[in-house]
Amino acid sequence: MTVVTRFAPSPTGFLHIGSARTALFNYLFARHFGGQFLLRIEDTDRVRSTPEAIEAIISGLKWLGLDWDHDPIFQFERYKRHQEVALEMVAKGHAYYCYATPEELEEMRTLAGIEGRPLRYDGRWRHRSQDQAPEGVKPVIRLKAAETGETHLKDLVQGEITVSNTTLDDMVLLRSDGTPTYMLAVVVDDHDMGITHVIRGDDHLTNTFRQIQIYDGMGWERPQFAHIPLIHGPDGAKLSKRHGALGVEAYRDMGFLPEAMCNYLLRLGWSHGDDEIISEKQAIEWFNLDHVGRSPSRFDMAKLLNVNAHYLKEEENAKLLSLILPFLEKILGRDLFPFEKDRLLKGMAGLKVRSKTILELQEASYFYVAPLPFSRDEKAQSILTEAALILLKDLKTELETSEISWAETPLHENVQVFVEKKGLKLKDIAQPLRVALTGSLVSPGLFEVMEILGKEESLRRIENVVRED
RNA sequence: GUCUCCUUCGUCUAGAGGCCUAGGACACUGCCCUCUCACGGCAGCAACACGGGUUCAAAUCCCGUAGGAGACGCCA
């Protein structure tokens with residue numbers, strides 16, 4: 001049997017981090033078994049579904065590299081099929097028309113709440129005949145759920161779960177306007193699409209028992225279910241916007257790499273022994289549902305940052321350059337010259353080990369192309385004492401006249417000798433020199449920077465601070 | 001309220017009755033490296049929710065208790 005999984009988001013907002021993980025698990029599971037991963041947009045809520053949200057979901061998935069098979073299926077386009085199934089359920093005696101008004105239902109729930117009963121529909125139209133239908137009320141179609149016995153579910157993550165059928169309620173399958181509810185549409189679509197494994201958030205776990213009633217009523221084979229725990233915020237409560245329930249594009253904008261996001265999300269709730277850094281190839285090879293945990297996990301920005309920093313270090317320099325280019329060109333208000341790109345490319349190795357995100361990388365790299373004079377903060381400025389400036393001036397003269405080749409190691413040696421002759425240590429000139437070259441107290445290694453900037457530019461930068469007074 | 005699920009360091013987790021004096025990673029602390037900041041290396045801190053069983057032996061199995069989460073819509 002070929003494995004077929006699906007990701008079925010409702011386009012009512014961005015692709016948030018929990019959904020992204022669900023998509024990732026479905027993707028990996030399908031790829032692991034050489035099966036198919038399908039995308040279905042659940043847009044039956046006509047009021048809340050938007051084209052922008054559809055776009056956000058699709059671009060989010062693409063960014064993460066979770067490519068799906070075939071064209072996406074839009075659930076709303078299948079509403080006739082859903083109606084057909086609802087009617088068939090009525091014909092088979094597994095569903096019935098209900099004429100209760102929304103006000104009536106509201107009242108029913110309030111009363112149940114007061115009396116401490118479950119907040120469920122009481123089945124008042126279950127046994128009434130349609131001749132008693134009130135004038136002008138359009139009915140909904142409700143499931144005629146089993147009232148006795150138990151329903152068993154062997155969930156691939158949660159294990160065996162049994163629920164008494166007395167807790168099931170007669171949920172709405174078809175709304176009074178003829179549109180299907182989620183409960184009906186998922187089941188029909190999952191069945192028609194040949195989904196073999198439904199991997200979704202465990203907020204759907206209790207729904208599953210109700211959905212099983214539809215599979216059974218229609219005589220359809222049930223798929224395998226795997227309900228994965230939700231992601232919680234750092235405080236253990238449901239993930240909210242305050243702590244990370246952002247769209248994946250927000251993480252992209254914060255400077256995270258898609259590989260890092262996937263790796264982090266994968267390890268949240270799933271493990272493979274002590275492995276932490278897992279490539280996509282390896283993830284596909286290793287992933288299955290056996291090692292998905294059953295308890296909810298908390299979103300931890302610090303760990304995400306760490307994983308991102310790792311992938312940043314591994315990433316190719318040219319790729320990183322292409323990621324920071326738009327930022328630099330925007331600040332400078334012009335395209336970069338080839339020699340500037342060249343500098344950045346050479347400097348990338350030293351820059352990327354010092355950055356955790358692309359945003360940090362952008363800022364850290366700016367000095368390589370920034371125009372003189374640098375804007376310096378107070379601390380950097382305070383390093384440039386009179387004594388320091390004299391020292392820099394001497395150093396400049398020394399470097400100008402020296403015949404050494406302008407490369408990291410000889411520069412290091414040369415400057416070393418220079419300070420020692422003055423009875424000083426390298427650290428005595430290091431910070432002033434750094435401020436002159438980069439405008440900052442923090443940067444890649446001095447001599448690496450000097451080599452990359454070249455003799456002319458390095459001396460120009462030193463001259464620039466020396467001349468200020 | 002009713003039903004269902006969950007519970008190992010602060011966080012993510014390893015752990016399928018003896019390999020557990022409970023391992024790894026992040027975070028944190030200290031040291032080393034050192035021109036700054038990082039990186040890297042070394043070391044440290046730190047957990048089986050609680051109470052009963054079963055067993056020669058339990059983090060692992062069973063039962064309670066507590067705490068947490070989810071579901072209970074003509075939302076998905």
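Chain identifiers are assigned alphabetically (A, B, ...) following the order of the sequence lines, protein sequences preceding nucleic acid strands; residue numbering begins at 1 within each chain.
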Residue-phosphate contact under 4.0 Å: Arg142(A) side-chain N/O, C74(B) OP1/OP2: yes
Presence of Arg200(A) side-chain N/O under 4.0 Å of A76(B) phosphate oxygens OP1/OP2: no
Sub-4.0 Å heavy-atom contacts from residues 430-450 of chain A onto RNA chain B, ordered by number: Ala430(A), Gln431(A), Arg434(A), Leu441(A), Val442(A), Ser443(A), Pro444(A), Gly445(A), Leu446(A), Phe447(A)
A76(B) phosphate, OP1 or OP2, under 4.0 Å from Asn207(A) side-chain N/O: no
Min side-chain heavy-atom separation Leu24(A)-Leu64(A) under 4.5 Å: no
Residue pairs involving residues 300-309 of chain A (criterion side chain to side chain donor-acceptor pair (under 3.5 Å); sequence neighbours excluded): Glu276(A)-Lys303(A)
Could I get a table of every N or O pair under 3.5 Å where one atom is in the protein and the other is in nucleotides 12-19 of chain B?
unit_1, atom_1, unit_2, atom_2, d
C12(B), OP1, Arg298(A), N, 2.9
C12(B), O2', Arg267(A), O, 2.9
U13(B), OP1, Gly269(A), N, 2.4
U13(B), O3', Ser271(A), OG, 3.1
A14(B), OP1, Ser271(A), OG, 2.7

Arg21(A) NZ/CZ over Phe25(A) ring centroid, <6.0 Å and within 45° of normal: yes
Which residues share a salt bridge (Lys or Arg N to Asp or Glu O under 4.0 Å) with Arg6(A), sequence neighbours left out: Asp190(A)
Minimum-distance nucleotide (side-chain atoms of Ile161(A) versus G70(B), C5(B), C74(B)): C5(B)
May I have the list of side-chain donor-acceptor pairs in residues 414-427 of chain A shorter than 3.5 Å, sequence neighbours left out?
unit_1, atom_1, unit_2, atom_2, d
Gln416(A), NE2, Glu420(A), OE2, 3.2
Lys422(A), NZ, Asp394(A), OD2, 3.0

OP1 or OP2 of C6(B) under 4.0 Å from side-chain N/O of Arg294(A): yes
Look for any protein N or O under 3.5 Å of an N or O in nucleotides 46-50 of chain B and output each such pair with its distance, or none.
none

Whole-Å distance separating the CZ atom of Arg48(A) from the C1' atom of C74(B): 13 Å
